[in-house]
Amino acid sequence: MEQMVVAAGLGDILDKVKAGERLSNEDGVRLYKTNDILALGYLANLVRERLNGDRAYFIYNQHVNYSNICTNLCKFCAFGKDKESPQAYEMTVDQVKAKVRERLAEPITEVHVVGGIHPDLPYQYYLDMLRGIKEVRPEIHIQAFTCVEIAHLAELAGKSVTETLKELVAAGLGSIPGGGAEVFSPRIRQRTCEKKLSGEGWLEVAKAAHRLGLKSNATMLYGHIETMEERVEHLAALREAQDETGGFLTFIPLAFHPKNTEMHDLAKTSGLDDLKNIAVARCFLDNFAHIKAYWVMIGPKLAQVALSFGADDVDGTVKEELITHMAGGETGGTMADTELIRLILDAGRKPVERDTLYNVIREY
Ligand code: V47
């Protein structure tokens with residue numbers, strides 16, 4: 001295997017990976033540009049097994065998208081809608097509570113709550129939603145509001161991000177999901193999501209959360225107009241922030257789905273690029289404990305293969321996922337825990353049910 005990596009021209013990177021040495025941005029770009037997926041996978045798997053052995057994590061979770069009304073209207077997004085759109089919706093706090101109540105019989109440990117940047121829902125709505133979810137299911141971990149939403153809530157509250165986060169935590173917030181990061185590059189943001197919080201702004205919110213002891217996730221939306229260099233710069237910014245705070249739990253590469261978006265003329269991502277994004281992230285993000293292959297976006301079959309290309313997590317049972325679904329995702333968005341376990345076992349890995357913070361709930 002090592003000869004294959006050397007033959008692929010990646011011998012120096014192999015040496016670094018084996019020595020646990022940090023990769024440079026140039027190394028990262030070379031990894032993205034190789035088409036020797038087996039050599040790349042071998043490197044990523046070395047890191048994966050060093051950090052996580054044979055374990056493959058999954059979680060019993062539920063997604064709730066409280067509203068799709070959004071003032072940012074990013075070009076890559078099919079979920080966000082103008083308030084006047086016939087497809088626009090918003091849930092009342094009681095409707096959100098009902099969604100959580102519907103699944104009380106299931107052993108769900110996490111609810112993942114995100115929405116758009118709503119023009120006029122008041123700050124109190126978000127606090128009430130968190131409290132309401134906790135009323136219905138007191139034990140549940142609420143992973144809610146991307147850094148972009150948090151910055152918006154701070155504006156609504158007229159308070160600093162730190163003060164706002166403290167109030168959200170008091171109302172029930174447990175951690176922050178990784179969305180809204182997109183690609184940090186100003187060039188990409190200007191062309192695809194110019195109204196959105198900047199990359200720097202996103203990182204500032206994440207770091208403020210980490211300083212309060214809150215954990216958060218990180219993502220990158222790939223497969224549209226970004227260059228390999230821009231991908232690596234994004235990863236490097238995350239790695240630097242993680243050096244500072246250590247507050248990121250996991251990194252999730254998100255495969256761009258073009259259908260029903262303003263960028264619908266672009267092709268879907270290829271399986272090779274999906275695997276590359278997992279593998280390069282695993283090699284490059286040496287200070288991230290986990291890399292998630294989000295099965296809803298890349299499909300359960302490729303998520304399973306990704307467990308040999310750097311990923312150690314496949315996310316969870318999810319259900320009613322809308323962001324990928326509205327952009328042409330074909331996975332249906334729901335998976336039974338038994339299916340997840342079988343998928344992991346068939347990949348030759350050890351299924352571990354985790355909670356949001358990667359505490360082990362059950363090993364199989
Ligand atoms: O921020 C939007 C992305 C994100 C599209 O933290 C799209 O564990 C693909 O971040 N095609 C939201 N992606 C979802 C997200 C997420 C999902 C699962 C787990 C976690 C986690 C986070 O979805 C958005 C944006 O980057 N997105 N439109 C699209 N057409």
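Order of listing sets the numbers, starting from 1, for every ligand and every atom in it. This structure is a prediction, so every number in the text was calculated from the model and none was measured.
- The existence of a salt bridge linking Asp312 and Arg48 is excluded, since no basic side-chain nitrogen approaches an acidic carboxylate oxygen closer than 4.0 Å.
- Ion pairing of Arg191 with Glu226 is absent here, as no side-chain N (NZ or NE/NH1/NH2) approaches a carboxylate O to less than 4.0 Å.
- With respect to atom 6 (O) of ligand 1, the closest heavy atom belonging to the protein is Gly178 N, 2.7 Å.
- Among protein heavy atoms, atom 11 (N) of ligand 1 sits closest to His257 N, 2.9 Å.
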Next item on the list: Please test Asp243 against Arg22 for salt bridge (charged side-chain N to carboxylate O under 4.0 Å, His left out), starting from the C-alpha separation and ending with a verdict.
Entry: CA-CA 12 Å; Asp243 274 343; Arg22 183 156 275 195; 2.7 Å; yes

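- The closest protein non-hydrogen atom to atom 16 (C) of ligand 1 is His112 CE1, 4.2 Å.
- Heavy-atom separations between Lys292 and ligand 1 include at least one value shorter than 4.0 Å.
- By the criterion of a heavy-atom distance under 4.0 Å, the backbone of Ala255, and not its side chain, is placed next to ligand 1.
- Using a cutoff of 4.0 Å between basic side-chain nitrogens and carboxylate oxygens, Glu339 and Arg342 are not scored as salt-bridged.
- In this structure, the protein non-hydrogen atom closest to atom 7 (C) of ligand 1 is Leu221 CD1, 3.7 Å.
- The aromatic rings of Tyr89 and Phe79 lie perpendicular to each other, with more than 60° between the two planes, well past the 30° mark.
- Residue contacts with ligand 1: Asn217 is placed with a nitrogen or oxygen under 3.5 Å of a nitrogen or oxygen of the ligand (distance criterion only).
- Residue contacts with ligand 1: Leu254 is included, with a non-hydrogen atom under 4.0 Å away.
- Looking at Gly180 next to ligand 1, an N or O pair under 3.5 Å apart turns up.
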Side-chain atoms of residues 5-16: list all donor-acceptor pairs with protein atoms under 3.5 Å, sequence neighbours left out, distances to 0.1 Å.
from  : atom 1 : to    : atom 2 : distance (Å)
Asp12 : OD1    : Arg30 : NH2    : 2.9
Asp12 : OD2    : Arg30 : NH1    : 2.9
Lys16 : NZ     : Asp27 : OD2    : 2.7

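- For ligand 1 and Gly179, the ligand atoms under 4.0 Å from any heavy atom of the residue are 1 (O), 10 (O).
- Here is the list of ligand 1 atoms found below 4.0 Å of a heavy atom in Phe76: 2 (C), 5 (C), 28 (N), 29 (C), 30 (N).
- Heavy-atom distances between Ala181 and ligand 1 stay at or above 4.0 Å for every pair.
- Listed by atom number, the atoms of ligand 1 under 4.0 Å from Ile252 heavy atoms are 6 (O), 8 (O), 20 (C), 21 (C).
- For Tyr294, every heavy-atom contact with ligand 1 shorter than 4.0 Å involves the side chain, none the backbone.
- Residue contact check for ligand 1: Met326 places no non-hydrogen atom closer than 4.0 Å to it.
- Atoms of ligand 1 lying under 4.0 Å from any heavy atom of Cys77, numbered from 1 in the order shown and given with element: 28 (N).
- With salt bridges taken as basic N to acidic carboxylate O contacts below 4.0 Å, one links Glu229 and Lys33.
- Near Ile323, meaning under 4.0 Å from any of its heavy atoms, are these atoms of ligand 1: 2 (C), 12 (C), 23 (O), 27 (N), 28 (N).
- A salt bridge does not link Arg187 with Glu233: none of the charged nitrogens is closer than 4.0 Å to a carboxylate oxygen.
- A donor atom on one side chain and an acceptor atom on the other are found under 3.5 Å apart for Ser216 and His210.
- The aromatic ring centres of Tyr358 and Tyr57 sit less than 6.0 Å apart.
- Atoms of ligand 1 lying under 4.0 Å from any heavy atom of Glu182, numbered from 1 in the order shown and given with element: 1 (O), 24 (C), 25 (C), 26 (O).
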Less than 3.5 Å apart, which donor and acceptor atoms pair up between the side chains of residues 300-310 and the rest of the protein, not counting sequence neighbours?
from   : atom 1 : to     : atom 2 : distance (Å)
Gln304 : NE2    : Leu343 : O      : 2.9

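- Tyr123 is connected to Ile176 through a chain of hydrophobic side-chain contacts under 4.5 Å among Ile, Leu, Val, Met, Phe, Trp and Tyr, so both are in one cluster.
- Close approach to Thr219 involves these atoms of ligand 1, each under 4.0 Å from a residue heavy atom: 10 (O).
- Residue contact annotation: Met297 has a non-hydrogen atom under 4.0 Å from ligand 1.
- Under 4.0 angstrom from ligand 1, the non-hydrogen atoms of Pro177 come from both its backbone and its side chain.
- Geometrically, Arg231 does not engage Tyr222 in a cation-pi contact, judged by NZ or CZ lying under 6.0 Å from the ring centre and within 45° of the ring axis.
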